[in-house]
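Working notes, beginning with the structure itself.
The basis for the numbers below is simple: all heavy atoms, side chains too, and nothing from hydrogens, waters or symmetry mates.
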Amino acid sequence: MIKKLITLIFGTSAIAVSGQNTEFIDAAYEGLQIQTAAHTELWSLGQAENWAVDMKKGTLTFTFEDGKIVTTTIQVVGTYNTADETFLWGWDHPSVPQELAQHAKLAKKWGIENNEENFATLKLSCSMEEVWRMAAVVNRVADANGVYRGISGNTAVFMTMGEIEMNY
């Protein structure tokens with residue numbers, strides 16, 4: 001069941017990377033899948049009635065039908081436009097405050113150091129599945145607590161999560 005859920009959430013395609021980094025990216029992606037499964041099991045990630053981001057506070061809040069509220073700090077990885085299938089990194093995004101772009105900047109640095117152009121190119125044409133793999137790298141290099149994708153209209157916002165606070 002969890003493996004099916006993970007496949008539905010993450011898909012199965014892979015971004016083009018140099019051979020030396022494939023293993024790192026695959027491990028980051030697998031690690032993110034494990035984190036996501038744990039969050040799903042522990043506090044029902046992906047099953048909230050509503051989610052809301054406060055960019056001034058740098059928080060993401062999930063509210064559940066049963067009254068449970070889960071809050072986490074965030075960093076913005078970037079946004080994916082489903083209409084034209086483009087991804088815009090958070091490290092130089094016009095809608096992302098610099099204090100919420102630190103994890104994306106770590107990914108850019110990693111991309112430059114490892115000759116991975118996708119991490120150092122501000123806007124990319126790619127699939128949603130490719131963005132999940134890049135977000136997994138951000139999660140790994142930032143030592144974050146998982147990634148959430150919030151969808152609003154044609155935009156998917158990818159965010160790393162920090163400490164989780166649960167209120168019942």
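- Tyr148 and Ile69 end up in different hydrophobic clusters when Ile, Leu, Val, Met, Phe, Trp and Tyr side chains are linked at under 4.5 Å.
- A donor-acceptor contact closer than 3.5 angstrom is absent between the side chains of Asn145 and Glu163.
- To the nearest 0.5 angstrom, Asn154 atom CG is 6.0 Å from Asn81 atom CG.
- Contact annotation: the side chain of Val53 never approaches that of Thr59 to less than 4.5 Å [non-hydrogen atoms, C-beta and beyond].
- Within the model, atoms CD of Glu117 and CG of Leu124 stand 8.5 Å from one another, a figure rounded to the nearest 0.5 Å.
- For the residue pair Lys57 and Asp54, the shortest heavy atom distance occurs at N-OD1, 3.0 Å.
- Below 30°, between 30° and 60°, or above 60°: for Trp43 and Phe62 the angle between ring planes is between 30° and 60°, a tilted geometry.
- If you run side-chain contact (heavy atoms from CB on, under 4.5 Å) between Tyr80 and each of Glu130, Met128, Arg149, only Met128 comes through.
- Ion pairing between Lys105 and Asp92 fails under the 4.0 Å rule for side-chain N and carboxylate O.
- Just one residue in the list Tyr29, Phe87, Phe158 forms a ring-ring contact (aromatic ring centres under 6.0 Å, His included) with Trp132, and that residue is Phe158.
- No continuous path of ILVMFWY side-chain contacts below 4.5 Å connects Ile25 to Ile112, so the two sit in separate hydrophobic clusters.
- Between the CD atom in Gln75 and the CE atom in Met161 there is a gap of 13.5 Å [rounded to 0.5 Å].
- Side-chain atoms of Asn139 come within 3.5 Å of backbone atoms of Gly146 as a donor-acceptor pair (strictly under, hydrogens ignored).
- When hydrophobic clusters are built by joining Ile, Leu, Val, Met, Phe, Trp and Tyr residues whose side-chain heavy atoms come closer than 4.5 Å, directly or via intermediates, Val157 is grouped together with Met55.
- Taking 4.5 Å as the limit, every side-chain heavy atom of Asn118 sits out of range of all side-chain heavy atoms of Cys126.
- Geometric assessment of Lys108 against the ring of Trp91 yields a positive cation-pi assignment under the 6.0 Å and 45° thresholds.
- Listed for the Gln35 side chain is a donor-acceptor partner under 3.5 Å among the backbone atoms of Ala144.
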- Task: Apply side chain to side chain contact (heavy atoms under 4.5 Å, CB included) to Asp26 and Arg133, showing your working.
- Result: CA-CA 8 Å; Asp26 288 347; Arg133 294 182 70 79; 2.2 Å; yes
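- For residues 94-114, the set of pairs meeting the ring pair (Phe, Tyr, Trp, His ring centres under 6.0 Å) definition, not counting sequence neighbours, comprises Phe24-Trp110, Trp110-Phe119.
- Between Asn167 and Lys68, the closest side-chain pair of non-hydrogen atoms is not below 4.5 Å.
- Side-chain N or O atoms of Thr71 include none that pairs as donor or acceptor with a backbone N or O of Glu165 at under 3.5 Å.
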- Message: Between Val77 and Trp89, is the side chain to side chain contact (heavy atoms under 4.5 Å, CB included) condition met? List the steps.
- Response: CA-CA 6 Å; Val77 174; Trp89 278 101; 3.8 Å; yes
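- Val76 and Ile151 fall into different hydrophobic clusters, defined by Ile, Leu, Val, Met, Phe, Trp and Tyr side-chain heavy atoms under 4.5 Å apart, directly or through other members.
- Checked for salt-bridge contact, Lys109 and Glu113 meet the test: a charged N lies under 4.0 Å from a carboxylate O.
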